[in-house]
Amino acid sequence: MLRFRNTLTGELEPFEPIEEGRVRIYACGPTVWNFAHIGNFKTFVFYDVLRRYLRFRGYKVTEVMNVTDVDDRIVEQTIELKISIEELTTKYLDYFLEDMATLNIEKPEVMPKATDHIPEMVALVEKLLANGMAYEAEGSIYFRISAFEPYGKLSGKKLEGNQAGRGGRVDAQEYAKADVSDFVLWKAPKLEGERSWDSAIGAGRPGWHLECSAMSMKYLGETFDIHAGGEDLIFPHHENEIAQSEGATGKTFARYWLHSKFLNIENQKMSKRFGNFKTLRDLLENGVEPMAIRYLLLSAPYRTQLNFTADGLDAASASLERMRNFVRRVREAQSAPDGDGAGGAAAARMLEAFQAAMDDDLNTSVALAAVFSLVNEVNPMIDARKISDADREAILAAIERADGVLGVLALGEDESVPAEILELVAQRTEARRSRDFRLADEVRDRITAAGYVIEDSPDGTKVRKR
RNA sequence: GGCGGCGUCGCCAAGUGGUAAGGCAGAGGUCUGCAAAACCUCCACCAUCGGUUCGAAUCCGAUCGCCGCCUCCA
């Protein structure tokens with residue numbers, strides 16, 4: 001039985017979608033004003049594993065990930081650079097999509113932009129104005145928290161003990177509010193050159209939380225299954241989404257709330273101030289392979305704080321290498337006609353353990369351990385030539401199925417070796433045959449330098465990338 | 001001030017009452033012309049102190065240390 005830890009209750013709950021066989025997910029996406037950083041991608045890889053696993057479990061998945069293309073930072077940035085919102089956000093959205101592909105993150109079914117949904121947001125605000133949960137002040141419109149009784153149910157925060165501004169993040173633009181805790185739904189323009197939209201509720205632009213409520217309801221309905229995000233969004237973002245959504249519809253907004261913990265870099269919070277702020281591109285420039293990054297990001301369960309380190313990347317890379325070598329060995333294993341089926345049985349056990357682990361709130365650490373158990377069981381069988389054709393197929397199918405969720409092996413990738421390299425391999429084989437090992441080693445060094453690895457085996461010399 | 005999380009092998013990291021998964025790194029060995037890959041063997045008194053229990057890394061309390069959120073950071 002698949003279970004998730006629901007932030008709303010703190011409990012591990014059996015997952016049951018509203019509609020049989022289909023899951024509707026809303027995942028908080030990027031604000032496209034800059035390059036996304038590695039911490040962002042911990043969360044986005046989590047979303048990806050979530051959707052892939054739901055499909056593994058037979059569900060049809062509809063995931064909506066919003067693209068925030070208007071907010072304070074974007075507005076300030078465009079004014080400073082004297083460019084349009086479109087110019088800035090299109091550029092960084094493109095980079096973002098590239099980065100997602102680099103990390104083998106599947107594209108969500110819907111990626112709506114906030115600026116394309118202004119009418120939906122305005123309609124939501126009108127609804128809240130009509131039922132008295134929102135009010136206008138100096139041209140802006142605010143949500144009246146005192147009008148929504150369950151406020152705080154997600155984050156467990158009580159308004160009394162909560163000191164607004166304690167974290168030093170008070171709204172710099174000082175909007176007028178009836179209560180410090182109230183949040184803005186619609187912002188009247190305050191800055192020179194600030195982009196605003198004319199509407200029935202006045203000229204302005206949407207507040208932070210509004211887009212998520214409007215767009216999730218549009219694409220997923222007033223109540224949907226899973227709402228996911230980073231832990232920092234629990235309060236105030238998701239708390240406010242609940243208030244304005246449920247305040248408007250009177251219905252449960254999202255049923256399961258899943259939040260991923262942040263990562264640290266070398267045991268330290270990632271921050272520009274500490275100089276340890278890393279974008280995906282920074283890492284790639286330093287020669288880190290993308291799949292090692294993905295592997296590291298999912299090597300710990302999404303709800304644990306991950307320590308992202310250079311050593312960790314090296315270890316991830318080596319772990320991946322072991323997995324890839326295993327797949328290659330299984331593929332090339334000589335068929336044993338009298339195999340006893342132990343390989344196939346091990347594959348079945350792996351899938352069972354893998355599913356049990358993932359069923360437990362997506363425990364990717366244990367799921368990876370299941371895969372390595374298979375590696376550890378089957379490798380000796382390969383050495384002993386006990387793998388039959390049926391075993392091989394079962395093992396490869398099981399690995400493929402698991403990697404459909406993990407997405408780290410790139411199984412379909414072209415592994416062909418260029419002719420120049422094959423030529424060198426032939427030269428070396430010739431040198432070895434004439435026992436000219438000096439020359440053979442020299443040639444091997446050249447092959448290594450070109451990024452290929454030589455392996456001599458009883459079945460002949462093999463060469464592969466990297 | 002309010003709310004919450006965490007301290008497990010050199011590193012990463014599972015395990016939430018029955019006696020420590022997995023990966024990386026390391027040591028020794030097999031195989032190899034040498035390597036590589038693979039295999040075999042080895043590698044943890046679970047922050048500290050006290051308590052509950054037949055039994056605790058796991059529950060309770062205290063202490064020390066680290067971290068997150070508290071109005072626009074995933």
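Quick note on labels: first sequence line is chain A, next is B, and so on, each numbered from 1. All values reported here derive from a predicted model rather than from experimental measurement.
Using atom C1' as the reference point in both A25(B) and G33(B), the two lie 29 Å apart (nearest Å). Annotation: C60(B) and U52(B) have their C1' atoms spaced 7 Å apart (nearest Å). On the P atoms, A56(B) is 12 Å away from C46(B), given to the nearest whole Å. Nucleotides C12(B) and A44(B) are separated by 15 Å at their C1' atoms, to the nearest Å.
Taking the side chain of Pro380(A) as heavy atoms from C-beta on, and the options A38(B), C40(B), A14(B), the nearest nucleotide is C40(B). For Arg322(A), taking side-chain heavy atoms from C-beta onward, the closest of the listed nucleotides G33(B), C24(B), C69(B) is C24(B). Closest to the Ala300(A) side chain, of the nucleotides C73(B), G2(B), A13(B), is A13(B).
Not a single donor-acceptor pair, N or O on each side, falls under 3.5 Å between the base of C66(B) and the side chain of Asn267(A). One donor-acceptor pair, N or O on each side, does fall under 3.5 Å between the base of A74(B) and the side chain of Thr43(A). Below the 3.5 angstrom threshold, one finds a donor paired with an acceptor across the side chain of Arg432(A) and the base of G33(B).
Taking a 4.0 Å limit (strictly below) on heavy-atom distances, residues 436-448 of chain A reaches RNA chain B at Phe437(A), Asp441(A), Arg444(A). The stretch residues 305-315 of chain A comes close to RNA chain B through Gln305(A), Leu306(A), Asn307(A), Ala315(A), each having a heavy atom under 4.0 Å from the strand.
In terms of heavy-atom proximity, Tyr452(A) sits nearest to Pro418(A) at OH-CD, 3.1 Å.
The phosphate of C39(B) has OP1 or OP2 within less than 4.0 Å of a side-chain N or O from Asn379(A).
In summary, Glu321(A) and Arg324(A) engage in a salt bridge, as defined by a charged side-chain N under 4.0 Å from a carboxylate O. Under 4.0 Å is where a charged nitrogen must lie from a carboxylate oxygen, and between Asp441(A) and Arg432(A) no such pair does.
Rounded to an integer number of Å, the gap from Arg385(A) CZ to A38(B) C1' is 12 Å.
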Problem - Candidate pair Phe44(A) and Phe96(A), rule ring-ring contact (aromatic ring centres under 6.0 Å, His included), full reasoning - result: CA-CA 11 Å; Phe44(A) 298 140; Phe96(A) 176 71; 5.3 Å; yes
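A heavy-atom distance below 4.5 Å is found between the side chains of Leu368(A) and Met323(A).
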